[in-house]
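Every heavy atom of this structure was used, including side-chain atoms; hydrogens, water molecules and symmetry mates were not. All values reported here derive from a predicted model rather than from experimental measurement.
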Amino acid sequence: MVAPLPLPPAAISRRFPPLPLALTPIRKRRSPFRRPNLPFLPPPTAPAPSYTTRASLFNPFAVQAIGFVALASALARRGGTAAAAAATVRGMSFGGASSVAAGAKRPFEYGRTHVVRPKGAHKATIVWLHGLGDNGASWSQLLETLPLPNIKWICPTAPTRPVAIFGGFPSTAWFDVADLSEDSPDDIEGLDSSAAHVANLLSTEPADIKLGVGGFSMGAATALYSGTCFAHGKYGNGNPYPVNLSVAVGLSGWLPCARSLKNKIESSQEAAQKASSLPLLLCHGKADDVVLYKHGERSAEALKSTGFSNVAFKSYSRLGHYTVPEEMDEVGKWLTTNLEIGTSSS
């Protein structure tokens, strides 16, 4: 008898808060990597609630804002309409592009990029990277509501590629991954390609604009990797890293290539100086059952031990693998301080 094919990863979405207990069907909670049942997906034509609405509906303290795993076939069927509905965030979005770090074997086709224009004077630009299986639209809708009028947000969508943790099933991913931790084997080619995509997006910004990168989950891992490439002055393949980063932020993520980082930073005095001066913010929930809290904590320790002396690590006792207003407020205050941009629109 031929064994049935394994089910693909389901479209687990944490973009909306949970239903009240009385309306929530009783079901055993399962890991997203253990063939869960397909969850309810909101109709693609329904407008996404604002960050404020998400914070006030049902539960004022838990905003399950951002999904991290998606059924690629469902996304393909639904994504066209959903992406079109969310395509214009403060007036701009554009289609995918190919990016490849110099020396890489093949280009990767990136999805739609969503841009949140600053409401006030443009002083900083941050590329924000979604988690595994998500897309740039979901985070652009949340970032658009933050009281940071002087920041332009660029939210790209990762390529759809086979992912080892899903048994090779395709999903939007910044790089291939077998385990969501700093102990996972490093996909240098995929990491370099995504770091190059971030650098390409930032390279067209005006010279007087401060630049940064941030992300959630796998996006956080890619953002931290970009920060280490900036400090080292090179991608993992040895080619030069072209942009000057002012900040890097990682929520519920981990640090790729942690084992080789010390040798890279100690390889030159310039790398050590860049590492010590780059502000880094890592946030992690102690209730995270996807990327465990210990991986975030170890990543912060690895950065500090290799010369990144300006590292802030924030923990949240009841936070799972999603974000909440308290965390995003912390991100906003930290960015305002470290980018020196203020909160007024002028």
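- Judged by distance alone, with hydrogens and angles left aside, the side-chain atoms of Ser184 form a donor-acceptor pair with the main-chain N or O of Asp179 at under 3.5 Å.
- Considering only heavy atoms from C-beta on, Tyr225 comes within 4.5 Å of Asp192 through its side chain.
- Cys229 approaches Gly236 most closely through the heavy-atom pair SG-N, 4.5 Å.
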Mind running side-chain contact (heavy atoms from CB on, under 4.5 Å) on Met218 and Leu129 for me, showing each step along the way? CA-CA 8 Å; Met218 176 180 271; Leu129 307 173; over 6 Å; no
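- Here the side chains of Leu202 and Leu245 are in contact, with some heavy-atom distance below 4.5 Å.
- A distance-only check finds a donor-acceptor pair linking the side chain of Ser140 to the backbone of Ala137 [under 3.5 Å].
- Using a 4.5 Å heavy-atom cutoff, the side chains of Trp153 and Glu144 are not in contact.
- Shortest non-hydrogen contact noted between Gly131 and Ser217 is CA-CB, 4.2 Å.
- The shortest heavy-atom contact between Tyr235 and Pro242 is OH-CD, 3.4 Å.
- Distance OH/Tyr316 to OH/Tyr293: 11.0 Å, rounded to 0.5 Å.
- Using bins of under 30°, 30° to 60° and over 60° for the plane-to-plane angle, the ring pair Tyr241/Phe230 lands in the perpendicular bin.
- Formation of a donor-acceptor pair under 3.5 Å by the His130 side chain with backbone atoms of Cys155 is not found in this model.
- In summary, the aromatic rings of Phe216 and His321 are positioned with their centroids under 6.0 Å apart.
- When all heavy atoms are compared, the tightest approach of Val163 to Asp176 is CA-OD1, 3.3 Å.
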Would you please test Ser194 and Tyr110 for side chain to side chain donor-acceptor pair (under 3.5 Å) and show each step? CA-CA 9 Å; Ser194 290; Tyr110 288 80; 3.2 Å; yes
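- Rounded to the nearest 0.5 angstrom, Ile151 CD1 and Lys119 NZ are separated by 10.0 Å.
- The shortest heavy-atom contact between Ala178 and Pro185 is CB-CD, 4.5 Å.
- Glu327 and Cys283 get closest at one heavy-atom pair: OE2-CB, 3.2 Å.
- Side-chain contact between His232 and Leu261: absent, with no pair of heavy atoms (C-beta onward) separated by less than 4.5 Å.
- Leu146 is not listed as a side-chain neighbour of Val331, based on a closest heavy-atom distance of 4.5 Å or more.
- Here the side chains of Val249 and Ile126 are not in contact, with every heavy-atom distance at 4.5 Å or above.
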Set out, in order, the CA-CA distance, both residues' side-chain angles and the distance that settles side-chain contact (heavy atoms from CB on, under 4.5 Å) for His122 and Glu205, then state yes or no. CA-CA 10 Å; His122 183 196; Glu205 293 300 294; 3.2 Å; yes
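- To the nearest 0.5 angstrom, Thr113 atom OG1 is 11.0 Å from Asn135 atom CG.
- Under the 4.5 Å side-chain heavy-atom criterion for ILVMFWY residues, no single connected hydrophobic cluster contains both Leu292 and Val177.
- Judged purely by atom type and a 3.5 angstrom limit, Thr336 uses its side chain to pair as donor or acceptor with the backbone of Gly332.
- The one candidate from Lys294, Arg259, His295 that meets the side chain to side chain contact (heavy atoms under 4.5 Å, CB included) condition with Glu182 is His295.
- Checking each of Val291, Asp288, Leu180, Val290 against Ser252 for a side chain to side chain contact (heavy atoms under 4.5 Å, CB included) leaves exactly one that passes, namely Asp288.
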Below 3.5 Å, can you tabulate the donor-acceptor pairs from side chains in residues 301-312 to any protein atom, sequence neighbours excluded?
| residue | atom | partner | partner atom | Å |
| --- | --- | --- | --- | --- |
| Ser305 | OG | Glu301 | O | 3.2 |
| Ser305 | OG | Ala302 | O | 3.0 |
| Thr306 | OG1 | Ala302 | O | 2.9 |
| Thr306 | OG1 | Leu303 | O | 3.0 |
| Ser309 | OG | Ser276 | O | 3.1 |

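- Side chain of Asn338 to backbone of Trp334: a donor-acceptor contact under 3.5 angstrom is found.
- Evaluation of the side chain to side chain donor-acceptor pair (under 3.5 Å) test over residues 261-274, restricted to residues two or more places apart or in two chains, returns Lys262-Glu266.
- Considering CG of Leu282 and CH2 of Trp254, their distance stands at 12.5 Å, rounded to 0.5 Å.
- Taking NZ of Lys210 as the start and CD1 of Ile341 as the end, the distance is 8.0 Å to the nearest 0.5 Å.
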Are Val324 and Leu319 close enough, and set up right, to give a side-chain contact (heavy atoms from CB on, under 4.5 Å), and what steps lead you there? CA-CA 8 Å; Val324 290; Leu319 181 62; 3.7 Å; yes
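- At least one donor-acceptor pair closer than 3.5 Å links the side chain of Arg161 to the backbone N or O of Ala173.
- No side-chain heavy atom of Thr222 sits under 4.5 Å from any side-chain heavy atom of His197.
- No side-chain heavy atom of Leu211 sits under 4.5 Å from any side-chain heavy atom of Asn244.
- A tilted orientation is assigned to the rings of Trp128 and Trp139, their planes being inclined by 30° to 60°.
- With hydrogens and angles disregarded, no donor-acceptor distance shorter than 3.5 Å links the side chain of Glu330 to the backbone of Glu326.
- Interatomic distance, OG1 of Thr228 versus CG of Leu191, reported as 8.5 Å (0.5 Å rounding).
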